[in-house]
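Sequence lines set the chain letters: A, B, ... in the order given, protein chains first and strands last, and positions in each chain run from 1. Since the model is a prediction, treat every value here as computed from it, not as a measurement.
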2 protein chains.
Amino acid sequence: MSQDDYIKEKESIIIQAARKRFAHYGFSKVTMDEIAGDVEMGKASLYYYFPTKEDLFRSVILQEQNELKKNIELILEEHSSASEKLQEFVEQRMKFFKVLINLGTLSVHSYFDIKSLFKKLFSDFEEVELNFIKKIIDEGKANNEFSSDLTEDSALIFLHILQGLRCRVLRWTKGQNLDEETHESLQKEMKTATEYFINGIRKK
Amino acid sequence: MSQDDYIKEKESIIIQAARKRFAHYGFSKVTMDEIAGDVEMGKASLYYYFPTKEDLFRSVILQEQNELKKNIELILEEHSSASEKLQEFVEQRMKFFKVLINLGTLSVHSYFDIKSLFKKLFSDFEEVELNFIKKIIDEGKANNEFSSDLTEDSALIFLHILQGLRCRVLRWTKGQNLDEETHESLQKEMKTATEYFINGIRKK
DNA sequence: TTTCGACTGTTTTACTTGATGGGTCGAAAT
DNA sequence: ATTTCGACCCATCAAGTAAAACAGTCGAAA
C-alpha cells in the first residue's frame, strides 16, 4: 500500500466517524475531541488531516454528494425514455436528501449554523444537478419526446420546484428529522409534480 | 353614524397604525405604547378594542387576507378561460405576499416569533386558497379545458408548488424584505411553473 | 360608553463569569 | 520524513443575575 493510500484510508475512517456523530447531533453539537475519541486519536491529530472542523464536515457532505452523483450517472446510461429518467432522478434525489436531513444539514434549526458557510458547497452541487436535468431534457428534445421550443431555464424551474417542495415541508419541521409519514407524502408529491411537469413539456 | 360604525372606524384606525409599525419593525419589535402613541391614545385604550397584542396583529393580517379574497373572487366572475383565471390567481397571490413579506410575517428571521401562533391563521387561509384553485380546476374540467381524470389533490399539489417556490426564495433572504429583483424573478418563475402545470393537466 | 393614569407580574435584555471547545505548536514517537 | 499528541491559548458560549421594558389590569374620571 502506498503512502498516499494510507492517508486516504485514515481520512476515510475519520470521515466515517464524523459522519456518525454529525448525523446524530448536528454540526455544532459535535466536538472535535469526540470524533478524535471515536477513532482513538488525539484531537490535534485530526488537524493533521483536516485543517478545520468545517473542512471535515464539508468532506462528509462531499462524500454523500458524490454518492448521489454516481447514482445519477447510472440513470443517464440506462436506455429508458427521458421521462422515466427524470422520474428516477427525482427518486434518487429524495433518497439523498433523506440522508442530508439526518445529517442535520437541512433542518430549519441547524440552518443558522450553516447558512453562508456551506452555501457555496450546495450551490456548486446545484450546478451539477442542473446539468443532469438539462441533459435529460435535451435528450427528450432530441428524440421528439419533449417539445422543442423549451427555453434554457425549463431545467432551472423544475429544479426550483423540487427544491421548493422540500423547503416547504422542512419549514414546519420541529426537530431535526422528518418523520416517515411526512417523508413519504413529500415523495409522492414530488412524483406527481414531476408527472405534471413532464406532461407540460411533452411534445404535442 | 351608528355607535357600531364608530367602533369599527376606531378599530380601523388602530389597525392602520399597527400595520405601519409591524410592516417596518416586525411583530416583536413593536410595543403597544408606540401604536397607542401613533393614534394619540393611551395604551390601555387599545385594550378596549383588542384583547391582546396578538389579536391586533391577527386583525392586520386578516384585513390583508380579505383584500386578496375579494380580488380572487373578482377573477372567478370574469368570463375568461380556466387557464387564464389560474394565471391571474397566481399574479394576485404574488402581490399579496409582497405585502406580507413587508409585514415581516414571512421572513426566516421573524419565523420564530410567529410559528405556532399564527399557524392556524395561515392554514385556515390555505383552505380558502385551495377552494379557489379547486373551483377553477373543476370549471376547467367542466368545459373540457382540463383532463377529466384529475384527482382531488391536483389543486393541493399546485398550491404546494407555489408555496414551495416562495419558501425556497425566502430561505436565503437575509433581511426582512426581498429586493425588487428577486421578487421579479420569483414572479416570472411562478408564471412559468403555472404554464407548465396548466399544460400538464390540459385535455389532450 | 370610552379613555386613561397608575399598577403588577412576567418576560427581555444587558452584563458578568466560568467553562467549553476550535485551533496551534513544539516535541516525541514511529 | 511522516505521523501523533500533550499542553496551551483565546474566542465564543452557557448559566446566572439584576435591572428594565413590556403586555395586560383596574378603578376612577370624562
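- In Glu181(B), the CD atom is not crowded: 12 or fewer heavy atoms of neighbouring residues, nucleotides or ligands sit closer than 6.0 Å.
- In this entry the distance linking CD1 of Ile7(A) with P of dT30(C) reads 19 Å, nearest Å.
- Residue pairs satisfying the side-chain hydrogen bond (donor to acceptor under 3.5 Å, both in side chains) criterion with at least one member in residues 66-77 of chain B, sequence neighbours excluded, are listed as follows: Asn71(B)-Gln92(B).
- Spacing between atom CE of Met41(A) and atom P of dT30(C) amounts to 14 Å, rounded to whole angstrom units.
- Between the side chains of Ser83(A) and Arg202(A), a donor-acceptor pair is found at a separation under 3.5 Å.
- Taking atom CG on Leu46(B) and atom C1' on dA23(D), their separation rounds to 11 Å, with Å as the unit.
- Separating the OH atom of Tyr49(A) from the P atom of dC5(D) is a distance of 10 Å, rounded to the nearest angstrom.
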Per-nucleotide protein contact along nucleotides 21-28 of chain C, 5' to 3', at a 4.0 Å heavy-atom cut-off (B base, S sugar-phosphate only, - neither), is SBBBB---
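- Every ring pair (Phe, Tyr, Trp, His ring centres under 6.0 Å) that Phe96(B) has, sequence neighbours left out, goes to Phe125(B).
- The NZ atom of Lys10(B) sits 16 Å away from the P atom of dT1(C) (whole-angstrom rounding).
- What separates CZ of Phe50(B) from P of dA23(D) is a distance of 15 Å, to the nearest Å.
- A pairwise comparison of heavy atoms in Phe89(A) and Ile75(A) identifies N-CD1, 3.7 Å as the closest pair.
- Within the structure, side-chain hydrogen bond (donor to acceptor under 3.5 Å, both in side chains) pairs that include any residue of residues 149-164 of chain A comprise Glu126(A)-Gln163(A), Lys134(A)-Glu152(A), Ser147(A)-Asp149(A), Thr151(A)-Asp153(A), Ser154(A)-Tyr196(B), His160(A)-Arg168(B), His160(A)-Glu189(B), Gln163(A)-Arg168(B) (at least two apart or interchain).
- A distance-only check finds a donor-acceptor pair linking the side chain of Ser59(B) to the backbone of Asp55(B) [under 3.5 Å].
- Comparing the start and finish of the helix from dT1(C)-dA30(D) to dT30(C)-dA1(D), five pairs each, the helix axis swings through 40°, to the nearest 10 degrees.
- Around atom NZ of Lys135(A), no more than 12 heavy atoms belonging to other residues, nucleotides or ligands sit under 6.0 Å away.
- One finds a side-chain N or O of Tyr48(A) lying less than 4.0 angstrom from the OP1 or OP2 phosphate oxygen of dT3(D).
- Atom CD of Glu40(B) and atom C1' of dT3(C) are 14 Å apart (whole Å).
- Applying the 4.0 Å criterion to OP1 and OP2 of dT2(C), one finds that Ser45(B) has every side-chain N and O outside that range.
- Judged as a salt bridge (Lys or Arg N to Asp or Glu O under 4.0 Å), the pairs with a partner in residues 85-100 of chain B (not counting sequence neighbours) are, in order, Lys85(B)-Glu139(B), Arg93(B)-Glu129(B), Lys98(B)-Glu180(B).
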